[in-house]
*Asks:* 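For reference, the structure I am asking about is given below.
No hydrogens, no waters, no symmetry mates; every other heavy atom, side chains included, goes into these values. Every number for a ligand or one of its atoms is a count from 1 in the order of the listing.
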Amino acid sequence: MSTGTVNIKVTKTQSSRIKTIDFDNLPFGKYFADHMMVMDYADGKWGEPQIVPFGNIEIHPATSALHYGQSIFEGLKAQRNEKGEVVVFRPDMNAKRFKESAERMCMVPVSEEIFLEGIRALIELDREWVPTKPGTSLYIRPFLFATDDYVGIRPSEKYKFMIINSPVGSYYSEPVKVKIETHYTRAAEGGVGRAKNAGNYGASLYPAKLGQEKGYRQLLWTDAKTHTLIEESGTMNIMFIINDVLITPSEERDTILKGITKRSVIEIAKDWGVKVEERDISVAEVMAAIENGTLQDAFGAGTAATIAPIVAIGYEDKEYALPSMESRTLSHKIATYISDYKAGKIEDKFNWLMRI
Ligand SMILES: *Cc1c(COP(=O)(O)O)cnc(C)c1O
């Protein structure tokens, strides 16, 4: 198969598993489409990109990603628009971020072209795996990991790039409760919080579990040094509306992931004339705004959930209820706009969609 200037060797599966999937009941991230993409880096260069039947891979026990954590990923979604075409939302942004994550983790980056054409070729082949029901999509998971079979700490000289695809239902179906975390830390300045590297998620599991035991779906991380500034949630960026201003922590500090959903929300809001501020926002400011009634909305923004309204915030063993869902007009309007945008109900005025 030749897509543009990238040649991808395709080996098709002999037996599709698609008939075994219940598309009416899709859990998140459990089923995988028939094919996957694989490309290996060795001897100073990338080998041929290949699409092969989805299946296990064999790795050496000393595979350096397992021992020393050079491992990064991306997450994006393909869905069907009203014409039945498959669209992917802003994949060029994921390609760029993937490169930046690779650089921070001292890994060999994958070109944006291979990243995008790999996704395109894979979806062309597994088009039937893109579910059709509203709220469902094909979650695309590109990842890159170090494959040196060497026990010793140094940047790996071998890497494997893969893309796997999973048909998914909606991520958080209900509004979420979050807990402001003031002891544990997701990312410190100068660390790797900006990179989508595997270790960040491993490190967050224990504090997240403690939060879940107290009834909170997600944590709201604060800065490592003072625990007074709000940063983001585990897989979502955080956005507030206070006094009609959309406020979100600035990306200038390298502890915050540069979310594509958040960026899109900001661009839409600005286009509509909403005032947007990207700046430090303290826990104290949020708590005061809840107490004096100026906090109108709080929501997470991320590919998995798109917009996840926050119903309550836990802080220092107290729980603070946020305004009713009916009053959340702006975030609701933005969520509907993004969903209509992907569905092709409105024109692609920002040029955000890759059609396949
Ligand atoms: C992936 C991710 C997000 C959301 O980014 P999107 O590009 O909107 O999906 C936010 N925070 C963290 C820590 C993430 O890993």
*Asks:* Write out all pairs satisfying side-chain hydrogen bond (donor to acceptor under 3.5 Å, both in side chains) with one or both partners inside residues 61-73, taking only residues at least two apart or from two chains.
*Replies:*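 Counting only pairs at least two positions apart or across chains, the side-chain hydrogen bond (donor to acceptor under 3.5 Å, both in side chains) contacts touching residues 61-73 are Gln70-Tyr159.
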*Asks:* For Thr13, check side chain to side chain contact (heavy atoms under 4.5 Å, CB included) against everything at least two apart and list the hits.
*Replies:*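 Partners of Thr13 under the side chain to side chain contact (heavy atoms under 4.5 Å, CB included) test: Ser15, Asp34, His35, Pro53.
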*Asks:* In terms of ring plane angle, is the pair Tyr341 and Tyr337 parallel, tilted or perpendicular, where the classes change at 30° and 60°?
*Replies:*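 Because their plane-to-plane angle lies in the 30° to 60° range, the rings of Tyr341 and Tyr337 count as tilted.
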*Asks:* Report the residues that fulfil salt bridge (Lys or Arg N to Asp or Glu O under 4.0 Å) with Asp317, sequence neighbours left out, ordered by chain and then residue number.
*Replies:* Lys214
*Asks:* Who's touching ligand 1 if we go heavy atoms under 4.0 Å?
*Replies:*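 Its neighbours under 4.0 Å (heavy atoms only) are Arg97, Arg186, Lys196, Tyr201, Glu232, Gly234, Thr235, Met236, Asn237, Leu257, Gly259, Ile260, Thr261, Gly302, Thr303, given by chain and number.
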*Asks:* Over 60° means perpendicular and under 30° means parallel, so classify the ring planes of Phe161 and Trp46, tilted if in between.
*Replies:* perpendicular
*Asks:* Are Pro49 and Val6 packed together at the side-chain level, in the sense that at least one heavy-atom pair is separated by less than 4.5 angstrom?
*Replies:* yes
